[in-house]
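Below, each value reflects all heavy atoms present in this structure, side chains not excepted, and no hydrogens, waters or symmetry copies. First the proteins, then the strands, lettered A, B, ... as listed; each starts at 1.
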There are 2 protein chains.
Amino acid sequence: MNAPSRSRYDEQKAEAVKAAAAEFASKGYHGASTKDIAARLGVQQGSLYYYFRSKEDALLEVCLYGIRDYVQRMERIAADGQPFEAKLFATVTSHLSSYRSTNEALKVYNDERLYLPPEKRRNLKELGSAYREHLEGIFDQAIADGVVRADVDSHFAAQTVIGICNAWGDHIVREPDLDLFDLTRKCTDLLLHGFAR
Amino acid sequence: MNAPSRSRYDEQKAEAVKAAAAEFASKGYHGASTKDIAARLGVQQGSLYYYFRSKEDALLEVCLYGIRDYVQRMERIAADGQPFEAKLFATVTSHLSSYRSTNEALKVYNDERLYLPPEKRRNLKELGSAYREHLEGIFDQAIADGVVRADVDSHFAAQTVIGICNAWGDHIVREPDLDLFDLTRKCTDLLLHGFAR
DNA sequence: TCTGGTTTCTATAGACCTATAGACTCCGCG
DNA sequence: CGCGGAGTCTATAGGTCTATAGAAACCAGA
């Protein structure tokens with residue numbers, strides 16, 4: 001991709017983050033050892049410490065990698081001029097496809113970030129809140145526009161959208177041939193109209 | 001409760017399972033040590049092995065404890081003669097309130113069961129499948145009755161109901177003064193009618 | 001009080017894990 | 001060729017973890 005502009009160090013570090021993400025995702029933060037990560041990366045255990053100050057820092061980097069571009073996408077969706085339904089569809093698409101594109105790092109963000117000490121979690125918290133608040137804003141706007149029912153609690157709605165996407169994310173990670181488009185359609189259909197006739 | 005009918009061993013073991021559940025829920029299976037569990041129970045680390053053959057067995061027992069009565073409740077809901085809406089409400093109520101009543105064991109079942117080796121997970125799998133299938137059956141029936149739209153995929157619907165409940169379950173465990181009734185109402189409202197006007 | 005069973009304790013073996021220190025290899029450049 | 005830095009390796013200190021073995025405490029009934 002942008003190989004020429006990245007140093008060998010950056011490239012290798014990105015690989016290391018991916019390896020850590022994969023191990024953390026499948027075994028959990030505490031269940032994955034630095035030896036496991038190193039083995040996946042094809043180096044010796046001690047060599048990891050050339051790229052990470054500590055295992056905890058590796059987790060932090062994976063989490064950041066997992067949520068960053070994802071928040072940016074959310075900002076773009078919130079700011080574009082699309083109607084509510086399109087925004088919702090785009091949100092779900094973005095969220096679900098993250099589970100494929102960013103190599104399990106989002107799953108790690110969701111499941112393992114709580115194991116970080118508070119001071120290291122601060123940046124993450126801001127990113128996560130930013131995401132939720134953008135989504136809430138989209139719902140507030142839709143309520144004001146009369147597209148969403150006035151009695152809907154936008155905080156509940158945003159959390160639930162995130163929750164549904166994360167819940168299906170677990171399935172996506174585990175079942176590689178799930179049809180994401182179909183799943184996205186079903187999710188937005190539920191969110192908009194429910195199951196009742 | 002039924003203290004007279006239970007031996008001292010059974011009582012202490014139940015306490016041990018609860019302690020293990022609490023530790024596994026807050027630190028994860030690998031992050032919680034047998035020493036932590038013992039400390040919470042008020043005994044020495046080695047003493048745990050009087051009740052559990054291994055740490056893994058402790059996890060298994062916690063998971064079983066977490067899902068058992070919950071499946072039974074689902075069976076009762078599926079079999080009662082109530083209309084669909086009432087069944088759905090009861091399902092969500094049952095699921096969400098489990099996160100309070102059974103002391104985090106359901107959370108452990110959801111988040112940590114994958115760390116069990118396949119042979120120990122078999123029983124759990126059956127219980128989990130039973131749960132999902134009952135829920136699917138409720139949706140199939142509702143579709144047949146014309147209460148739920150014919151184009152709804154009952155498998156997707158069941159998984160999503162479970163996913164939403166689990167997602168909110170995480171919040172419930174972390175925030176003790178969430179209003180469960182209100183939350184249940186909002187969830188069923190979403191599931192039935194969606195957010196759109 | 002003595003006895004046998006139940007429950008808990010102490011102590012430890014043996015494994016594994018993180019992080020560090022210092023040596024080694026590789027490669028671009030003068 | 002020789003140098004210097006980047007990246008990787010080996011080896012290990014120091015800690016924690018699970019599981020076990022055997023001693024000790026407790027308790028009910030004869």
Side-chain angles (χ1 to χ4, degrees), chain A residues 3-63 108 112-117 119-120, chain B residues 3-63 108 112-117 119-120:
Chain A
S5 69
R6 293 174 77 176
S7 68
R8 169 161 172 69
Y9 176 86
D10 289 338
E11 280 177 40
Q12 277 301 96
K13 174 141 186 179
E15 288 300 310
V17 170
K18 274 190 202 171
E23 287 298 319
F24 289 155
S26 75
K27 301 179 189 168
Y29 172 64
H30 292 107
S33 69
T34 53
K35 197 176 169 191
D36 295 334
I37 297 168
R40 181 178 289 252
L41 190 58
V43 300
Q44 294 298 316
Q45 183 264 343
S47 305
L48 276 185
Y49 287 78
Y50 185 69
Y51 293 104
F52 302 117
R53 183 183 301 274
S54 68
K55 186 185 173 188
E56 212 172 72
D57 272 22
L59 174 59
L60 180 59
E61 302 230 28
V62 170
C63 289
V108 175
E112 314 293 333
R113 94 190 104 106
L114 293 172
Y115 298 131
L116 289 169
E119 71 277 13
K120 287 192 185 172
Chain B
S5 70
R6 294 173 77 176
S7 68
R8 167 160 174 71
Y9 176 87
D10 289 338
E11 280 176 41
Q12 277 302 96
K13 174 143 187 180
E15 289 299 311
V17 170
K18 274 191 202 171
E23 288 297 317
F24 289 156
S26 74
K27 303 179 188 165
Y29 172 64
H30 291 106
S33 70
T34 52
K35 198 178 169 189
D36 295 334
I37 297 169
R40 182 178 288 254
L41 191 58
V43 300
Q44 295 298 315
Q45 183 264 343
S47 305
L48 276 184
Y49 288 77
Y50 184 68
Y51 294 104
F52 302 117
R53 183 183 302 273
S54 68
K55 187 184 173 188
E56 211 172 75
D57 272 22
L59 175 58
L60 180 59
E61 301 231 30
V62 170
C63 289
V108 175
E112 315 293 332
R113 92 190 107 105
L114 294 171
Y115 298 131
L116 288 169
E119 70 278 12
K120 287 193 184 173

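Put simply, A/Tyr51 has a side-chain N or O that comes within less than 4.0 Å of OP1 or OP2 on D/dT8. Between A/Gln12 and D/dT8, a side-chain N or O to OP1/OP2 separation shorter than 4.0 Å is present. Contact annotation: B/Gln44 does not reach the phosphate of C/dT7 (side-chain N/O to OP1 or OP2, under 4.0 Å). At D/dA28, none of the side-chain N or O atoms of B/Arg8 fall inside 4.0 Å of OP1 or OP2 (strictly under the cut-off). Taking side-chain N and O atoms only, A/Tyr49 has no distance below 4.0 Å to OP1 or OP2 of D/dT8. For A/Thr34, no side-chain nitrogen or oxygen approaches OP1 or OP2 of C/dC17 to under 4.0 Å.
Looking at the side chain of A/Val43, the nearest of the listed nucleotides D/dG7, D/dA19, D/dC9 is D/dC9. Closest contact between the side chain of B/Ser47 and the listed nucleotides D/dG7, C/dC9, D/dA11 involves C/dC9.
Rounded to whole Å, atom P of C/dA19 lies 18 Å from atom OH of A/Tyr50. As rounded to whole Å, 11 Å separates atom C1' of C/dT18 from atom CD1 of A/Ile37. Rounded to whole Å, the distance from CG on A/Leu48 to P on C/dA19 is 10 Å. When rounded to the nearest whole Å, the span between CZ of A/Phe24 and P of C/dC17 equals 13 Å. For the pair A/Lys35 NZ and D/dT10 C1', the computed distance is 14 Å after rounding to whole Å. Whole-Å rounding puts the A/Lys55 NZ to C/dC16 C1' distance at 12 Å. In this structure, the CZ atom of A/Phe52 is 17 Å from the C1' atom of C/dT20, given to the nearest Å. With rounding to whole Å, B/Arg53 atom CZ is found 9 Å from D/dT20 atom P.
Within the 3.5 Å criterion, the main-chain N or O of A/Gln45 finds no donor-acceptor partner in the side chain of A/Lys35. When atom types are taken as modelled, the side chain of B/Lys18 and the backbone of B/Lys13 share no donor-acceptor pair closer than 3.5 angstrom. Here the side chain of A/Asp57 pairs no donor or acceptor atom with the backbone of A/Ser54 at under 3.5 angstrom.
The two residues B/Leu59 and B/Glu112 have their closest heavy-atom pair at CD2-O, 3.7 Å.
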Tabulated below should be each protein N or O lying under 3.5 Å from an N or O of nucleotides 21-27 of chain D; please produce it.
none

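Residues A/Tyr50 and A/Val43 have side chains not in contact (no heavy-atom distance under 4.5 Å, counting atoms from C-beta outward). Residues B/Val17 and B/Tyr51 have side chains not in contact (no heavy-atom distance under 4.5 Å, counting atoms from C-beta outward).
Note: A/Tyr29 and A/Tyr115 have parallel aromatic rings, judged against thresholds of 30 and 60 degrees for the angle between ring planes.
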